[in-house]
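These notes concern the structure reproduced below.
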Amino acid sequence: MIWLSNSTLQRLRDQLRERGQRPSIVLQGVVSPEMAEGLTIVAEYGALTEAMYLMMSADGEVSNDEREVLRGALRALSSDTIRSVHIESLLDSAAQKVVEHGREARMEEVIAQLKDDPARAEVAFVLASAIAFADNAIADAENDTLNELAEGLGIDDARATELLDGVEADLASSNTK
């Protein structure tokens, strides 16, 4: 199983925190605390989860290893505040959106949500990369997805290579432990 190192996940979490708080969510009418929590989670982690889901499903199969990498990444990014029920809901939503709108339209939407925030864009790219490496091989469709994501998010080739090298270094160090 592939995991990003704790230091990488902490760096990604800190990178997200440094960018500041997300804009306030305005809720109309009576909203339960659970609903408010769910909407906040979607606002913070929805696009990141969908980017990871697009990578997970790029080769036509969603493996348990990929799901575990996604769960671990979201828990680490949220400092263990996001619950399994929320993660599964985010995954189900991402899958449903792909069924309803298609991969290409969803990729365009995810890119649109992330591209104006370089910190979130890089976090999404690194997390998608970790998903691609989850089964120890990057399929052609996964490589194409990574390239599309990097290009759409405005991550140049040099920076994409640097980020991928960091993921590979994490994998190499986790395989020697």
Side-chain angles (χ1 to χ4, degrees), residues 1-5 8-9 11-12 15-16 41-42 44-78 82 84 86-175:
M1 173 157 355
I2 303 299
W3 293 101
L4 291 174
S5 70
T8 296
L9 287 169
R11 181 182 50 77
L12 294 174
Q15 189 174 342
L16 289 173
I41 288 169
V42 168
E44 188 64 28
Y45 302 106
L48 296 175
T49 302
E50 196 165 352
M52 288 187 283
Y53 178 79
L54 288 166
M55 181 56 68
M56 290 168 66
S57 62
D59 62 1
E61 292 183 30
V62 176
S63 73
N64 285 334
D65 285 343
E66 291 169 329
R67 291 176 77 87
E68 288 180 21
V69 170
L70 181 140
R71 281 188 210 103
L74 289 175
R75 286 189 179 118
L77 289 175
S78 70
I82 193 168
S84 293
H86 294 127
I87 294 170
E88 292 305 318
S89 178
L90 289 167
L91 272 171
D92 290 346
S93 175
Q96 187 61 36
K97 288 175 183 178
V98 168
V99 169
E100 289 176 10
H101 306 285
R103 288 183 60 77
E104 191 172 313
R106 292 316 307 159
M107 179 64 81
E108 289 173 11
E109 179 60 27
V110 167
I111 288 170
Q113 289 179 36
L114 296 169
K115 72 178 180 181
D116 292 332
D117 187 337
R120 285 174 55 84
E122 285 193 2
V123 168
F125 182 78
V126 168
L127 295 174
S129 300
I131 296 293
F133 284 113
D135 56 5
N136 295 314
I138 297 181
D140 289 342
E142 291 171 327
N143 191 52
D144 292 344
T145 300
L146 274 178
N147 288 332
E148 183 179 0
L149 196 57
E151 183 178 330
L153 294 173
I155 300 171
D156 65 37
D157 290 345
R159 182 64 178 149
T161 299
E162 183 181 338
L163 293 169
L164 286 170
D165 287 347
V167 172
E168 287 183 300
D170 275 352
L171 299 179
S173 69
S174 70
N175 288 335

**Complete:** With Ile111 as partner, the option from Gln113, Glu108, Met107 fulfilling side-chain contact (heavy atoms from CB on, under 4.5 Å) is Met107

**Prompt:** In this structure, are over 12 heavy atoms from other groups packed under 6.0 Å from Glu104 atom CD?
**Reply:** no

Kindly list each side-chain donor-acceptor pair under 3.5 angstrom involving residues 142-155, sequence neighbours excluded, with atom names and distances?
{"residue": "Glu142", "atom": "OE1", "partner": "Ala139", "partner atom": "N", "Å": "2.8"}
{"residue": "Thr145", "atom": "OG1", "partner": "Ala141", "partner atom": "O", "Å": "2.8"}
{"residue": "Asn147", "atom": "ND2", "partner": "Asn143", "partner atom": "O", "Å": "3.3"}

**Fill in**
Glu88 meets the salt bridge (charged side-chain N to carboxylate O under 4.0 Å, His left out) criterion, sequence neighbours left out, with Arg67, Arg71

**Prompt:** Measuring from Ser93:OG to Glu100:CD, what's the distance to the nearest 0.5 Å?
**Reply:** 8.5 Å

**Request:** Give, for atom CZ of Arg103 and atom NZ of Lys97, the distance between the pair rounded to the nearest 0.5 Å.
**Result:** 14.5 Å

**Message:** More than 12 heavy atoms of other residues, nucleotides or ligands under 6.0 Å from CG of Asp140: yes or no?
**Reply:** no

**Asked** Are any non-hydrogen side-chain atoms of Ser78 and Glu44 less than 4.5 angstrom apart?
**Response** no

Less than 3.5 Å apart, which donor and acceptor atoms pair up between the side chains of residues 48-55 and the rest of the protein, not counting sequence neighbours?
{"residue": "Thr49", "atom": "OG1", "partner": "Tyr45", "partner atom": "O", "Å": "2.8"}
{"residue": "Glu50", "atom": "OE1", "partner": "Arg106", "partner atom": "NH2", "Å": "3.1"}
{"residue": "Glu50", "atom": "OE2", "partner": "Arg106", "partner atom": "NE", "Å": "2.5"}
{"residue": "Glu50", "atom": "OE2", "partner": "Arg106", "partner atom": "NH2", "Å": "3.2"}

**Item:** Test side chain to side chain contact (heavy atoms under 4.5 Å, CB included) applied to Ile82 and Leu90, step by step
**Value:** CA-CA 11 Å; Ile82 193 168; Leu90 289 167; 3.9 Å; yes

**Asked** What pair of heavy atoms forms the shortest contact from Glu66 to Ile131, and how long is it?
**Response** O-CD1, 3.4 Å

**Message:** Main chain of Phe125, side chain of Ser129: is a donor-acceptor contact present, judged purely on distance under 3.5 Å?
**Reply:** yes

**Complete:** Interatomic distance, CD@Glu162 vs CG@Leu164, rounded to 0.5 Å, equals 10.5 Å

**Prompt:** Met56 versus Leu91: any side-chain heavy-atom pair under 4.5 Å?
**Reply:** yes

**Complete:** d(Leu127 CG, Glu122 CD) to nearest 0.5 Å is 11.5 Å

**Request:** Give a yes or no on this: more than 12 heavy atoms of other residues, nucleotides or ligands lie within 6.0 Å of atom CG of Asp157.
**Result:** no

